[in-house]
Amino acid sequence: MTTNCHKPTEEEVDYVMAKMAASMAESGEDAFRKIFKFYKRRNPPPDLSNVIDFSRSAPSDQVVPAILDVGGVSDGEAARVGLQPVRDWRAFGLHGYPGFTFISNPFLRGSKPFWVTQCLKVYPQKPNVCNLDMHMSPSDTEDIWDKSVLSLSSGSPCGKTQAKTLLEKLRWVTLGYHYNWDTKTYSANHYTPFPADLHSLAFHVASACGSPGFNAQAGILNYYGCDSSLGIHVDESELAHSRPLLSFSFGRSAIFLLGGSRRQDPPTAMYVHCGDVMVMSGPSRLFYHAVPRIVAPPQGRPVFEAESCSPASSERDWAACCRYMQGSRVNVTVRQVLGPGQSFCLKD
Ligand SMILES: O=C(O)CCC(=O)C(=O)O
Ligand SMILES: [Fe+2]
């Protein structure tokens with residue numbers, strides 16, 4: 001059979017490829033960047049109807065049930081870090097994203113306030129490092145919580161009325177091996193003890209997700225305001241790429257974009273709500289991702305429904321945490337930096 005379909009010559013293919021590359025270079029836009037900009041857009045706001053919502057979703061072509069190691073964590077161990085028994089977790093994988101697990105709020109009712117208080121009151125304390133240390137003296141960045149708590153704005157959460165407190169200026173905190181944002185490296189001589197409670201939480205979540213023996217050595221807390229975003233990146237500075245990266249989210253919801261191993265791979269958009277946990281392991285450990293948007297809670301709904309008190313902190317502190325969290329999102333990523341037998345180069 002003959003067709004009049006003409007097989008392109010090598011020159012023609014080269015020409016088309018060169019044109020595509022030139023147009024991408026000109027606009028600086030690949031599929032990931034386009035989708036990032038779409039979800040970040042303010043006016044008009046984007047259509048969010050294609051964003052996967054694991055809190056509502058049932059398994060489909062895209063969303064598959066995750067297989068957890070139910071025996072890897074006892075109910076007592078789970079409860080001690082504020083988690084439900086593993087058999088009750090609603091955990092999902094995504095078709096085409098091997099090693100990615102999304103656990104829809106596995107926390108026990110009433111246990112998130114403990115973790116939120118740690119993120120706002122405890123982890124920003126010395127010897128941990130934060131963005132404010134870059135341009136303020138150590139005495140000024142001591143007691144961020146105490147210096148902020150009384151004047152945390154009680155008005156509309158995203159209003160720009162009052163002067164910002166230190167807590168509202170906090171953008172990141174690093175734990176354990178402190179990430180160097182300039183060199184994009186960790187080093188042996190910039191280390192402080194990793195918080196034992198967070199180590200234990202990460203250890204048990206990793207265990208349930210098929211990565212026993214996870215050793216949390218570095219943490220990055222990101223503090224997002226109503227208009228914050230996080231650009232497209234891959235977390236590859238850790239040397240232990242075979243160990244998972246764990247992510248815990250509190251406060252406002254966000255749109256999270258998960259791409260592929262190539263920068264330009266088009267991403268899948270999903271909601272990340274308060275209490276959700278993501279585990280990136282296997283091939284997904286090195287997939288590109290980004291947070292283009294923080295999402296407002298439905299009108300009048302508090303971020304912490306029915307979790308109004310925390311035995312771990314005073315009423316005053318918890319009320320201040322809630323005020324801050326009405327307009328903010330805190331994400332904690334936990335990383336193992338060194339695998340068994342790995343060490344930093346001598347120059348570090
Ligand atoms: O905020 C998030 O959900 C993502 C944070 C993240 O990607 C990171 O800290 O590397
Ligand atoms: Fe990341």
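For reference, positions follow the sequence shown, starting with 1. Order of listing sets the numbers, starting from 1, for every ligand and every atom in it.
Those atoms of ligand 1 that come under 4.0 Å of a heavy atom in R329, given as number and element, are 1 (O), 2 (C), 3 (O). Taking every heavy atom of D235 and a limit of under 4.0 angstrom, the matching atoms of ligand 1 come to 10 (O). When each atom of ligand 1 is checked for a heavy atom of N222 under 4.0 Å away, the hits are 5 (C), 8 (C), 9 (O). Close contacts between ligand 1 and T333 involve ligand atoms 8 (C), 9 (O) [criterion: under 4.0 Å to a heavy atom]. For ligand 1, the atoms closer than 4.0 angstrom to any heavy atom of N331 are 1 (O), 2 (C), 3 (O), 4 (C), 5 (C). Within ligand 1, the atoms closer than 4.0 Å to a non-hydrogen atom of L230 are 4 (C), 5 (C), 6 (C), 7 (O), numbered from 1 in the order shown. Those atoms of ligand 1 with a heavy atom of V291 less than 4.0 angstrom away are 1 (O), 2 (C), 3 (O), 4 (C). Set against the non-hydrogen atoms of R335, the atoms of ligand 1 under 4.0 Å away are 8 (C), 9 (O), 10 (O).
Under the 3.5 Å distance criterion, the side-chain polar atoms of D143 are left unmatched by any main-chain donor or acceptor of D146. Of the possible donor and acceptor atoms, one in the side chain of N331 sits under 3.5 Å from a partner among the backbone N and O of F248. Without hydrogens or angle criteria, S237 side chain to K184 main chain gives a donor-acceptor distance under 3.5 Å.
Not counting sequence neighbours, the partners of D133 by the salt bridge (Lys or Arg N to Asp or Glu O under 4.0 Å) test are K126.
On a distance-only criterion, H289 and ligand 1 share at least one N/O pair closer than 3.5 Å. Residue-to-ligand polar distances keep S247 apart from ligand 1: every N/O pair is separated by 3.5 Å or more.
For the salt bridge (charged side-chain N to carboxylate O under 4.0 Å, His left out) condition, the pairs that include at least one residue of residues 269-298, sequence neighbours left out, are E238-R285. Within the structure, side-chain hydrogen bond (donor to acceptor under 3.5 Å, both in side chains) pairs that include any residue of residues 204-222 comprise H199-N215 (at least two apart or interchain).
Ring-plane geometry between H178 and H190 is classed as tilted, the angle between the planes lying from 30 to 60 degrees on a 0 to 90 degree scale.
Here the side chains of H273 and N105 are not in contact, with every heavy-atom distance at 4.5 Å or above. Counting heavy atoms from C-beta on, the side chains of Q118 and P195 never come closer than 4.5 Å.
Cluster annotation: L286 is not connected to L338 through the hydrophobic network of ILVMFWY side chains, with a link wherever side-chain heavy atoms come within less than 4.5 Å.
The ring pair (Phe, Tyr, Trp, His ring centres under 6.0 Å) test with F107 singles out one residue from W89, F114, F250, and that residue is F250.
Around the Fe ion (ligand 2), protein N, O or S atoms at a distance under 2.8 Å total 3; waters are neither shown nor counted.
Protein heavy atom in closest approach to atom 1 (O) of ligand 1: Y224 OH, 2.4 Å.
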